[in-house]
Amino acid sequence: MSYLLEGLNPEQRAAVTTTEGPLLVIAGAGSGKTRVIVHRIAYLLDQGLARPEQILAVTFTNKAALEMKERVHQLVPASRRRGELLISTFHSFCVRALRRHLDRFGGAYTRDFTIYDADDQGRLVKACLKELGLDDKKYPPRAMQYGISAAKNRGETPETLPPSSDPKRDALIKTFRLYERRLAAANALDFDDLLLLTVRLLRRFQDVADDYNDRFRYILIDEYQDTNPPQLNLARLLTQQRQNLCAVGDPDQSIYKFRAADIRNILDFERHYPKAKTIILAQNYRSTKTILDAANAVIRNNRARPNKDLATRNAAGEPIRCFVAANAEEEADFIVREIIAWQRRHEHLRPEETRAAILYRTNAQSRLFEEACRRRLLPYVLVGGFSFYERAEIKDALAYLRLLLNPHDDAAFDRVVNVPPRGVGKSTLEALAARAGADSVSRWTAMTRLLEEGGLSARALTGLTNFASLIASLQRLLDAARLADLVSAVVTRSGYADLLEQEGTLEAEGRKQNLEELVSAAAEADERGERLREFLDRAALVADTDDLVENARVTLMTIHSAKGLEFPLVFVAGLEEGLLPHARVAQDEDDLEEERRLFYVAVTRAKRQLYLTQAERRRVYGNEVATDPSRFLDEIPEALMTVQSGAGTAARRADDGRPSLKPPAKIGAQRLTKPKPAAAQGAGRDAPASAAGGLRVGDRVEHATYGAGQIVRVADGKLDIAFPGRGIKRFVAEAAPLTKIARK
DNA sequence: AAACCAGAGGTTTTT
DNA sequence: CCTCTGGTTT
């Protein structure tokens, strides 16, 4: 027996060794799903059933792909895996395929296409609305963007949509049509296109489809319950010959409907693949029995699902603790205090056995937890904040780079044509946009035409001429220079570096540092042998740059981001009607079931101890309103829980018989933490101490929302603080959620 | 072109 | 409440 099967239970073994034909693995939460996939890949290699390059494994995130690859490498000796093992997301896979074959279509698109991220997409939609003269109050761009994406994922094009007299519908179709035209003119693809065009490619060109079918003997897809229609099509097209598809997933964890994921894809697997074999992994290795019983009890309330209660041999463990706070601030503070106490109680354990997660439904909730952590000096990692690649200066530099490969990239063009300022003002930009629209060409082409024909102001003429020759001169570096040199040339020759230099502010300093980081990233890419193309593709597709998450002892994130992760200690916060389930979905039964699955995902992240918290009052747009406990709380058997409420909650008031307590002391009053005694000494600078808790110009501080910054001005009880990449912000000294950072 | 101010509007979730 | 946008001012 292969060493790869040791320590696996019979179902897991079957999932690893069933190597012929379609296989569906319904893997419950904590059932060792990733382990099974990793062992299966290793087994295929070990048994000589496939060489590495003949296997394609698809994961949901880039991070998951990386991790999976690493684990396979640990399991299989290097001698057994010559050749590239392809583990990637659907999107990355598609980019690879399109970079190779997109020319085949012969139309507007070429292999040099640009990827438009959600940001570029939003801008384009806005521009389209404007061009069509549609009021963006009446037709919110976001809704339009969503509508277009949804239509695309259903396989619609502007032409297949029936004309409608409904103005909303009509506006959507018109915008959709223009949007597609503008994308084509810019040789740009949005995230949806990446999948859709790959599907079209495989459908249209049999030889390409055959190539892929020949190459990939085995295909594995993780998180299959969250595939959307184009992804399903892709899977079917890639497996049409051999049908060696191993789909792994859990219908109870399908939580991406808003992104066009269709739970039926996994429920109908046996219909799509009549010869399919199904294996259910129902044994849970992760959670205590108490936590698992709660999860089972909750998910049982959903109708359409396979009957697969999870079982475990783990001990019952601690009861789930339910905490009702008077308001959201108290909720956050309670959680942070409990984390500190819990981790202190478990100090004897290895650090990774005391990792904690605070999970919430919406990103907006994160701020309170950040502030609470800062207040009590508890280090944390926030997942899903601004990533490096979302900073303005980074996007600017990337826009230049994008233009070098594809000058027709309108989004990039708009972004940098006048950054740094070169006399291309509003009216010139409008003239460019108008010309581009009229001729149905890119901004770049429109610019070229306008330059030839004249008719521009002298200033604009010089500005645009300079811009054009700048791009041209940088393009000459494409083949010669190393990536790092190229990036650094972009920063200097564009004048961006000088601009920041002149500014002389700390903010500009921070931006410069970020750009230097980008150059370092390029140098790393150089070492991996990557070209600009790959570098940009990675920047477009890699969303989570937070790899620190692994080592953090406290992680803050949305429930969606927590999928696939586990933590010994888990807090699910904001268990209120309107938040979880979210108010936007409460009417529709299907949507409600998705919210329940979301809650199920949250609960099943916990290994040892689970807390569920609710705030009785929560601020909504400024005013505090009373909340109702989430209906999901009622679905957990009382025997599994202990309930506790905070000071000042209604429950407590009733107990005391006191009419009402005043709301808990405003925590804002004590926000400004005094510098730590030993730390701030040493640098006895000249700046006068302010009235603001001993903060001086030059001090480094940590702000709850903006992160690390440096104080640049103290006056009138106000603080001006520079945040790298975010500019200078002014705060009322007394109220600012700040923590002083000790000097090194 | 930058800096300042007023007002509106916003909260799902993400490759 | 807080942030962003757009308009106005210099």
Side-chain angles (χ1 to χ4, degrees), chain A residues 58-65 88-95 115-119 121 126 136-137 140-143 145-146 149 153 189-195 223 226-228 230-231 254-261 327-329 359-368 371 383-384 387 389-390 418-426 459 463 499 502-503 505 537-538 540-544 557-563 574 578-586 591 594-595 597-599 601-602 618-625 668 704-706 726-731 735 737:
Chain A
V58 180
T59 58
F60 198 70
T61 65
N62 287 295
K63 202 170 140 248
S88 75
T89 62
F90 271 113
H91 289 85
S92 303
F93 172 80
C94 290
V95 169
I115 303 168
Y116 270 19
D117 64 16
D119 205 54
Q121 218 183 103
K126 258 194 196 150
D136 60 2
K137 296 270 167 2
R142 268 193 70 77
Q145 196 180 338
Y146 183 82
S149 173
N153 280 309
L189 302 180
D190 64 21
F191 278 171
D192 298 322
D193 289 331
L194 296 177
L195 304 171
E223 309 284 10
D226 282 319
T227 51
N228 65 19
Q231 287 169 335
S254 167
I255 55 174
Y256 279 95
K257 188 176 159 198
F258 70 93
R259 206 167 97 184
N327 56 35
E329 285 79 14
L359 308 182
Y360 37 81
R361 176 67 230 267
T362 67
N363 274 311
Q365 287 166 265
S366 69
R367 219 192 79 233
L368 289 166
E371 289 178 7
V383 176
S387 81
Y389 288 101
E390 284 170 296
N418 200 35
V419 177
R422 44 176 75 88
V424 182
K426 206 174 152 202
R459 204 201 239 194
L499 180 78
Q502 278 167 29
E503 225 171 288
T505 62
D537 284 349
R538 179 192 302 270
L541 295 174
V542 171
D544 44 289
M557 63 184 138
T558 63
I559 302 173
H560 281 89
S561 310
K563 189 170 78 158
L579 209 47
L580 186 63
H582 197 273
R584 301 259 305 223
V585 304
D591 287 345
E594 175 133 327
E595 294 289 299
R597 290 194 291 270
L598 198 53
F599 182 55
V601 168
R618 183 175 292 276
R619 230 189 296 282
V620 183
Y621 298 151
N623 25 349
E624 274 203 337
V625 296
T705 309
Y706 297 107
R726 274 333 151 88
I728 294 178
K729 309 273 178 189
R730 176 165 295 178
F731 303 92

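Naming convention: chains lettered A, B, ... in sequence-line order (proteins, then strands); numbering from 1 in each chain. This one's a predicted model, so the numbers in the text were calculated from it and none came from an experiment.
Of the listed nucleotides (B:dT11, B:dT14, B:dA1), B:dA1 has the atom at the smallest distance from the side chain of A:P421. Of the candidates B:dT15, B:dT13, B:dT11, B:dT15 carries the atom nearest the A:T89 side chain, counting heavy atoms from C-beta on. Distance from the side chain of A:T61 is smallest for B:dT15 among the nucleotides C:dC1, B:dT15, B:dT13. Side-chain proximity of A:R367 to the nucleotides C:dC2, B:dT14, B:dA1 is greatest for C:dC2.
Going from atom CZ of A:F258 over to atom C1' of B:dT15 covers 9 Å, rounded to whole Å. A straight line from CZ of A:R142 to P of B:dT11 spans 6 Å, rounded to a whole angstrom. Computed from coordinates, the A:N228 CG to B:dT13 P distance equals 19 Å when rounded to whole Å. Taking atom NE2 of A:H91 as the reference point, atom C1' of B:dT14 lies 9 Å away to the nearest angstrom. Rounded to whole Å, atom P of B:dT14 lies 11 Å from atom CE of A:M557. Atom CZ in A:R618 sits roughly 14 Å away from atom C1' in C:dC1 (whole-Å rounding). Atom CG of A:L359 is separated from atom P of B:dT13 by 14 Å (rounded to the nearest Å). Rounded to an integer number of Å, the gap from A:N62 CG to B:dT14 P is 15 Å.
Ion pairing of A:D591 with A:K257 is present here, as a side-chain N (NZ or NE/NH1/NH2) and a carboxylate O approach within less than 4.0 Å.
With sequence neighbours excluded, no residue forms a side-chain hydrogen bond (donor to acceptor under 3.5 Å, both in side chains) with A:S88. Contacts of A:T89 classified as side-chain hydrogen bond (donor to acceptor under 3.5 Å, both in side chains), with partners at least two apart in sequence or in another chain: A:S92.
Note that the CZ atom of A:F60 and the CD atom of A:E223 stand 7.0 Å from one another [nearest 0.5 Å]. For the atom pair CD1 of A:I115 and CG of A:D537, the computed distance is 4.0 Å after rounding to the nearest 0.5 Å. Between the CG atom of A:D193 and the CD atom of A:Q121 there is a distance of 8.5 Å, given to the nearest 0.5 Å.
The shortest side-chain heavy-atom distance between A:V58 and A:F93 does not fall under the 4.5 Å cut-off. The side-chain heavy atoms of A:E595 and A:L580, taken from C-beta on, include a pair separated by under 4.5 Å.
Within the 4.0 Å cut-off from OP1 or OP2 of B:dT14, at least one side-chain nitrogen or oxygen of A:S561 is found. Note on A:N363: every side-chain N or O is 4.0 Å or more away from OP1 and OP2 of B:dT11.
Where pairing requires Watson-Crick or G-U contacts shorter than 3.5 Å, the helical stems of DNA chain B with at least three consecutive pairs are B:1-10 with C:1-10.
Heavy atoms of A:F90 sit nowhere under 4.0 angstrom from any nucleic acid atom.
C:dG6 sits 15 Å from B:dT11 when the P atoms are compared, rounded to a whole Å.
Residue A:F191 and nucleotide B:dT15 are not classified as a stacked aromatic pair, given the requirement of ring centres less than 5.5 Å apart at an interplanar angle below 30°.
Nearest-nucleotide positions on DNA chain B place A:R422 closer to the 5' end than the other of A:R422 and A:D192. Across the interface with DNA chain B, nearest-nucleotide mapping of A:F60 and A:P140 shows A:P140 to be the residue nearer the 5′ end.
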